[in-house]
Amino acid sequence: MKRSGKRVFASRLGKCRSAGTNIAIHRGAENMNTITPDAIQALKGRMRGRVIAPDDPEYDQARSIWNAMVDKRPGAIARCTGVADVMQAVSFARDAGLRIAVRGGGHNIAGNALCDDGLTIDLSSLRSVHVDPDARLAYVEPGATLADVDHETQAFGLATSLGINSTTGVAGLTLGGGFGWLTRTLGLAVDNLTAAELVTADGHRVQVSASENPDLFWAIRGGGGNFGVVTQFVFELHPLGPEVLAGLIVYPFAQAKQLLTRYREYVDTIPDEMAAWAVLRKAPPLPFLPEAVHGQEVVIFAFMHAGDVEQGKRLIEPLRHFGDAHGEHIGAMPFAAWQQAFDPLLGPGARNYWKSHNFAKLSDGAIDTVIEYAGKLPSPQCEIFIALLGGAANRVAADATAYPHRAVKFVMNVHGRWDEPAQDQDCIRWSRAFFKAAEPHAMGGVYSNFMTAEETDRIAAAYGPNYQRLAQIKRKYDPDNLFSLNQNIKPAA
Ligand SMILES: Cc1cc2nc3c(=O)[nH]c(=O)nc-3n(C[C@H](O)[C@H](O)[C@H](O)COP(=O)(O)OP(=O)(O)OC[C@H]3O[C@@H](n4cnc5c(N)ncnc54)[C@H](O)[C@@H]3O)c2cc1C
């Protein structure tokens with residue numbers, strides 16, 4: 001469907017004139033509005049899906065997201081069942097001057113999937129994935145998780161490039177860039193996005209691709225949720241598996257310096273099909289590890305080879321001899337199963353505070369800093385994660401998509417993670433201290449999907465040289481910054 005040339009923005013009044021009714025909206029603090037019961041009733045009349053209000057028994061469950069640190073109370077949650085619901089919800093919120101939050105998989109660390117007082121547009125029940133194996137395309141709804149996509153695409157021996165935790169939402173991951181085990185071979189998620197459909201601030205549905213609204217297509221490939229509510233993603237698919245060689249090798253922390261130095265040399269020798277990441281943390285009770293190792297600091301190499309299994313075995317040989325391993329679990333396994341391997345370590349319900357840096361190389365200083373902070377983990381769930389990018393992701397120009405970080409070889413995350421509020425201070429302090437100590441060795445840019453809500457001073461670094469172009473496109477499609485609860489791009493003046 002073509003975008004209508006006429007764009008009508010209602011003024012931000014305290015009255016919503018829609019469906020022939022005048023709906024009182026109470027203006028709350030900070031120019032945000034709370035929604036009256038009458039207004040909620042009116043929204044219910046316009047939607048096919050449920051509208052969940054604060055007095056609804058489902059409300060607390062509906063407002064819980066992956067990061068238990070986030071405790072927001074939306075005025076209402078519009079659980080959309082299709083594009084029409086999204087159009088209604090966007091128009092309703094816009095006309096009423098309500099703050100909007102958009103929820104896909106609900107995984108984002110910043111908690112922008114929810115708002116206080118305004119309207120949360122909840123897409124989590126839209127999880128259909130339709131595969132066209134002849135065209136090698138997947139049509140994905142915006143509440144789908146990685147597991148949904150893997151399940152449907154692997155039925156045809158196909159896959160696309162997404163992340164490494166099957167419970168992550170495809171929507172938020174893709175809109176920020178999206179990298180995982182297949183990034184070095186296939187590029188980022190945005191490099192495999194061939195088209196999308198979204199509802200813009202004027203409440204219209206538009207199609208975007210290289211030939212339709214190409215400016216908007218460019219912007220959503222890394223510009224996050226700034227430009228509208230995406231109601232469908234179309235991904236290019238590629239043959240994979242169904243079995244891949246993958247696994248974990250766990251080494252003693254005492255050998256960390258030697259291990260990370262060898263890892264740094266090793267990653268320069270491997271082909272794109274091989275992805276090897278490093279994690280420093282306390283050992284989980286993995287069945288292949290001696291019990292005495294459980295809970296001890298370790299260095300874990302996690303890897304996947306997106307090609308011939310025998311070739312993969314040859315490629316991982318050096319990784320198995322970086323030191324004296326505590327144990328390993330290596331084998332050919334279904335790609336969809338490997339995508340779920342880390343799910344138990346990163347389930348919902350824990351408290352999380354993450355920070356992230358991009359690196360062009362792992363300098364000696366970076367390695368020393370990682371080792372120093374991995375040696376004083378404040379909780380058994382805290383970890384430092386080094387993801388290897390490069391390959392196909394780096395063979396794309398920085399201005400080809402809104403995601404600009406095409407020279408990044410490693411993304412390093414500090415995952416502050418714990419269970420009890422009493423541990424908040426210690427774990428946040430540790431995460432921040434590591435982040436600051438690692439900063440001199442990093443590139444300065446940051447992946448927008450790993451930013452906390454407080455990091456507004458890093459937004460320019462997240463969009464890098466593409467920021468001005470994004471701001472121009474924002475002015476064209478969302479001049480009033482209706483979609484502001486994200487790593488926000490302000491409309492150009
Ligand atoms: C356990 C875990 C593992 C992760 N692993 C990876 C990984 O391997 N690779 C990687 O690249 N990232 C990874 N991430 C980061 C992930 O990409 C972001 O958290 C991402 O935002 C999650 O998307 P979501 O839809 O689940 O989140 P949500 O919180 O639902 O959405 C995040 C934001 O995206 C926007 N948004 C969501 N849906 C839409 C939509 N349909 N239209 C418009 N805007 C929308 C909104 O601004 C929203 O606030 C991981 C995160 C976690 C918690």
Side-chain angles (χ1 to χ4, degrees), residues 64-70 72 80 83 86 89-90 100-115 120-124 126-127 140-148 161-183 188-190 196-201 219-220 222-233 275 277 302 339-350 352-354 356 381 383 385 387-389 393 403 405 408 411 413 415 417 447-453 478 482-489:
S64 74
I65 56 173
W66 183 82
N67 185 2
M69 293 277 279
V70 180
K72 294 190 189 169
C80 300
V83 178
V86 176
V90 167
I100 291 182
V102 180
R103 176 187 179 143
H107 255 225
N108 195 269
I109 194 78
N112 289 332
L114 299 173
C115 48
T120 287
I121 299 180
D122 181 349
L123 308 164
S124 60
L126 293 167
R127 290 176 62 167
V140 179
E141 283 194 324
T145 62
L146 272 51
D148 298 328
S161 175
L162 293 167
I164 68 150
N165 271 112
S166 81
T167 56
T168 313
V170 171
L173 177 135
T174 301
L175 293 169
F179 60 80
W181 298 116
L182 296 172
T183 300
L188 297 163
V190 287
E197 171 188 276
L198 64 158
V199 174
T200 42
I220 65 162
N226 274 284
F227 302 94
V229 183
V230 178
T231 47
Q232 187 183 65
F233 297 86
W277 297 16
Q339 286 281 85
Q340 296 171 20
F342 291 93
D343 292 355
L345 289 181
L346 290 167
N352 289 270
Y353 183 86
W354 293 10
S356 181
Q381 299 182 66
E383 62 186 19
F385 211 101
L388 176 68
L389 271 66
Y403 174 92
H405 308 292
V408 171
V411 171
N413 270 8
H415 291 175
R417 185 175 160 89
Y447 178 35
S448 64
N449 271 345
F450 289 145
M451 288 163 69
T452 56
D478 186 16
L482 186 66
F483 301 108
S484 64
L485 211 55
N486 39 50
Q487 301 306 341
N488 194 231
I489 297 160

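Order of listing sets the numbers, starting from 1, for every ligand and every atom in it. No experiment lies behind these values; they were computed from the predicted model shown.
Among residues two or more places apart in sequence or in another chain, the salt bridge (Lys or Arg N to Asp or Glu O under 4.0 Å) test is passed with Glu197 by Arg205. For Asn108, there are no side chain to side chain donor-acceptor pair (under 3.5 Å) partners, not counting sequence neighbours. Here Asn413 pairs with Ser356, His415 under the side chain to side chain donor-acceptor pair (under 3.5 Å) rule; sequence neighbours left out.
Here the OG1-CG distance, from Thr145 to Leu162, works out to 10.0 Å after rounding to the nearest 0.5 Å.
Sorted by chain then number, the residues whose non-hydrogen atoms approach ligand 1 to under 4.0 Å are Trp66, Val102, Arg103, Gly104, Gly105, Gly106, His107, Asn108, Asn112, Ala113, Leu123, Pro142, Gly163, Ile164, Asn165, Thr168, Gly169, Ala171, Gly172, Leu173, Leu175, Gly178, Phe179, Gly225, Gly228, Val229, Val230, Leu346, Trp354, Tyr447, Asn449, Phe450, Leu485, Asn486.
Under the 4.5 Å side-chain criterion, counting only non-hydrogen atoms from C-beta, Val411 is in contact with Leu389.
The aromatic rings of Phe385 and Trp277 stand perpendicular to each other, their planes meeting at an angle above 60°, with 30° marking the opposite boundary.
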